[in-house]
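In what follows, chains are A, B, ... by sequence order, proteins preceding strands, each numbered from 1. Every heavy atom of this structure was used, including side-chain atoms; hydrogens, water molecules and symmetry mates were not.
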There are 2 protein chains.
Amino acid sequence: MFNEATFADDIAPASVPASAHVSGKAASSRPAQQCGSCSMRSACMPQALNAQELSRFDSIVSATRLIKRGDAIYRANDPFQSIYAIRAGSFKTVVMHRDGREQVTGFHLAGEVLGLDGVCTESHSSDAIAIEDSSVCIIPYALLESMCAESKSLQQQVLRMMSGEIVRESSLMMLLGTMSAEQRVAAFLLNLSSRMKARGYSAAEFNLRMTREEMGNFLGMKLETVSRMFSKFQREGLLQTHGKRIRIVNLDALGRV
Amino acid sequence: MFNEATFADDIAPASVPASAHVSGKAASSRPAQQCGSCSMRSACMPQALNAQELSRFDSIVSATRLIKRGDAIYRANDPFQSIYAIRAGSFKTVVMHRDGREQVTGFHLAGEVLGLDGVCTESHSSDAIAIEDSSVCIIPYALLESMCAESKSLQQQVLRMMSGEIVRESSLMMLLGTMSAEQRVAAFLLNLSSRMKARGYSAAEFNLRMTREEMGNFLGMKLETVSRMFSKFQREGLLQTHGKRIRIVNLDALGRV
DNA sequence: CGCCAGTTTGATTTCTATCAAGACAAGTGG
DNA sequence: CCACTTGTCTTGATAGAAATCAAACTGGCG
């Protein structure tokens, strides 16, 4: 049975009562929800829109879709038609090399938008794969583009999102290009911590949704190295781990690594 | 004396007669040129515009600016006001870590656009530094944004450019995250080769504008390693180097590394 | 001509990958 | 309920790649 992800095992944010989530239905596509009543609204794309724009925006968000763990919203070379706002759950985006090696280019949480890589060539250049049962809002790009021409604030929002993605990727290049394995893992944990916090969850204690191998593919190292770094931080008293359960004991020290 | 970069030491493309370049003047800012008569037009931003849009676009390109080797167009944390189209020359973009380590996030040639990282926070997140004497067109972002609201083709062009930058950076993450030093250097040379070719220069023989250290900072390795890989390719008969002068002897084999 | 930034090359160290084995937890089916 | 599978994670031993340290070479330029 499909259960919409609710971070039930993390410390829930006060602003997201469990009832705000739609109870699971196995259908893979459902009518759109209203952005105005979505629990992710403040973190999501239409944050900058006024009431009138919001209702217009609602009308172009055609549907939501449930994605099971391991399934893809889109894959590399799929024709580009829509972008996707994450309503609930988490995803990884992956670029593949012909020889099979893969690089995870990001982990994405609720409120974030996926698929902007497709604008440039009208086909996607990465896979977007759910790392837990998740749901997304489907935003047809052609309609979004049209509405951008009319709404300056939406246009600005889309451009800002794209630019933000560019900046995010630059800092990942910095991580991959200049940091040691130890520093990369620390930076990864801190980044995740602050994003969980921004969503109302505890910054110190949360569950990782990805495996050690996926982390390694993201951080440019092998899963064994990720594991060793976790053990190291634990020995040094910066961290407690129990499988995917993470507890950051000393956030400052982790930042100084 | 300032000499506007003309790749005079590379094999010149037939479509760019030397006279197309403005002769050097030490002034750092000059009136804008007309995009319609610019030798970079086909490779540059306004490629998608019709005559009327082009003239409107010309009017928002306020000026061109000469940048000497080593000087920056903008630096991290500078307020974001304009984006810059490279008329001639080459740049590197660099993100700095507090501890002084730097990651080169890209090398940029004529026709490419710099500064889109600033849209998201209204301040730049990287430095853009000329690696040879260069010139850029200044495109005030506020005006560009306004014109985007009116010209669908310009809006699309800007969105495509941004998306292209996202894709470019993803593939760089792949390079940094999964490839050996040897493969990175090979990929770098091939990439540069194809970009030189796209500009009408020889794909096989060109001058590097950056130092070994800058390449290393880009490729996530030390300058000595870059040098060793060059020597290795040379021993294997894939490449001939003489300082910054590069001659790719076996392009296919370089692609199979 | 000599200086200097940039480059090449060699010797050694350090870090991470690789290979291998075992631990652990969750889930399955008998 | 238990044996068993399976996927994930941890840990250790070793190999391999790149960094570091050091020295010498090159070519351009004042």
Side-chain angles (χ1 to χ4, degrees), chain A residues 1 3 9 69-70 92 99-104 129 131-133 175-186 188-189 207-236 239-247 257, chain B residues 1 3 8-9 69-70 92 99-104 131-133 175-189 207-236 239-246 257:
Chain A
M1 182 59 194
N3 275 309
D9 46 0
R69 180 189 150 96
K92 61 174 177 179
D99 62 12
R101 279 173 311 184
E102 51 185 62
Q103 173 70 30
V104 172
I129 297 170
I131 54 175
E132 61 181 322
D133 293 348
L175 178 141
L176 291 168
T178 74
M179 290 179 163
S180 68
E182 185 185 15
Q183 294 172 316
R184 289 181 213 186
V185 173
F188 171 71
L189 289 171
N207 275 359
L208 298 172
R209 291 305 184 306
M210 68 294 287
T211 66
R212 302 285 189 266
E213 184 172 24
E214 287 168 326
M215 279 184 260
N217 283 346
F218 178 58
L219 297 172
M221 66 187 73
K222 292 292 154 184
L223 68 97
E224 294 96 327
T225 306
V226 176
S227 179
R228 280 183 232 279
M229 294 307 144
F230 277 13
S231 303
K232 184 162 189 284
F233 290 145
Q234 205 152 3
R235 274 198 306 278
E236 293 167 349
L239 194 69
Q240 286 171 11
T241 67
H242 182 71
K244 295 203 159 58
R245 185 102 201 139
I246 294 288
R247 204 174 119 89
V257 164
Chain B
M1 183 58 196
N3 275 307
D9 45 359
R69 180 190 150 95
K92 62 173 177 179
D99 62 12
R101 281 172 309 183
E102 52 185 62
Q103 174 70 28
V104 173
I131 55 176
E132 61 182 320
D133 293 348
L175 178 141
L176 290 169
T178 74
M179 292 180 161
S180 69
E182 184 184 18
Q183 293 172 317
R184 290 181 214 185
V185 173
F188 171 72
L189 289 171
N207 274 4
L208 299 172
R209 291 307 186 303
M210 69 294 288
T211 65
R212 301 287 188 266
E213 185 172 23
E214 287 168 326
M215 279 183 262
N217 283 345
F218 178 59
L219 297 171
M221 67 188 73
K222 292 291 155 185
L223 67 98
E224 292 97 326
T225 307
V226 176
S227 178
R228 280 183 232 277
M229 293 307 145
F230 277 13
S231 303
K232 183 161 189 284
F233 290 145
Q234 206 152 2
R235 274 196 308 277
E236 293 167 349
L239 193 69
Q240 286 171 11
T241 67
H242 183 69
K244 296 206 158 57
R245 186 104 201 137
I246 294 290
V257 164

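Residues passing the side chain to side chain donor-acceptor pair (under 3.5 Å) test with B/Glu213, sequence neighbours excluded: none. Annotation: salt bridge (Lys or Arg N to Asp or Glu O under 4.0 Å) contacts of B/Lys92 (sequence neighbours excluded): B/Glu214.
Distance check, rounded to the nearest 0.5 Å: CZ of B/Arg184 to CG of B/Leu175 gives 6.0 Å.
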Enumerate donor-acceptor pairs with a distance under 3.5 Å from any side-chain N or O in residues 223-234 of chain B to protein atoms, sequence neighbours excluded.
| residue | atom | partner | partner atom | Å |
| --- | --- | --- | --- | --- |
| B/Ser231 | OG | B/Ser227 | O | 3.1 |
| B/Lys232 | NZ | B/Glu182 | OE2 | 2.6 |
| B/Lys232 | NZ | B/Glu236 | OE2 | 3.2 |
| B/Gln234 | OE1 | B/Thr241 | OG1 | 2.9 |
| B/Gln234 | NE2 | B/Thr241 | O | 3.3 |

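Contact annotation for B/Gly216: no contact, since no heavy-atom pair falls under 4.0 Å across all strands.
Residues A/Gln103 and B/Gly177 approach most closely at OE1-CA, 3.3 Å, considering heavy atoms.
Applying side chain to side chain donor-acceptor pair (under 3.5 Å) to B/Asn207 and the options B/His242, B/Arg245, B/Glu132 leaves one that passes, B/Arg245.
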> Step by step, would you call A/Met210 with A/Val104 a side-chain contact (heavy atoms from CB on, under 4.5 Å)?
Replying inline: CA-CA 11 Å; A/Met210 68 294 287; A/Val104 172; over 6 Å; no

>> Evaluate B/Thr178 against A/Glu102 for side-chain contact (heavy atoms from CB on, under 4.5 Å), listing each step before the verdict.
In response: CA-CA 7 Å; B/Thr178 74; A/Glu102 51 185 62; over 6 Å; no

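For the helix from C/dC1-D/dG30 to C/dG30-D/dC1, the axis fitted to the five pairs at one end and the axis fitted to the five pairs at the other end meet at an angle of 20° (nearest 10 degrees).
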>> At under 4.0 Å between heavy atoms, how does the protein contact nucleotides 5-10 of chain C? Give one character per nucleotide, 5' to 3', with B, S or -.
In response: -SSBBB

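Of the possible polar contacts, one joining the B/Asp133 side chain to the B/Arg69 backbone as a donor-acceptor pair under 3.5 Å is found.
Of all nucleotides in DNA chain D having an atom under 4.0 Å from a heavy atom of chain B, the first and last in 5' to 3' order are D/dA18 to D/dG27.
By the neighbour-count criterion of 12 heavy atoms within 6.0 Å, atom CZ of A/Arg101 is densely surrounded, having more than that number from other residues, nucleotides or ligands.
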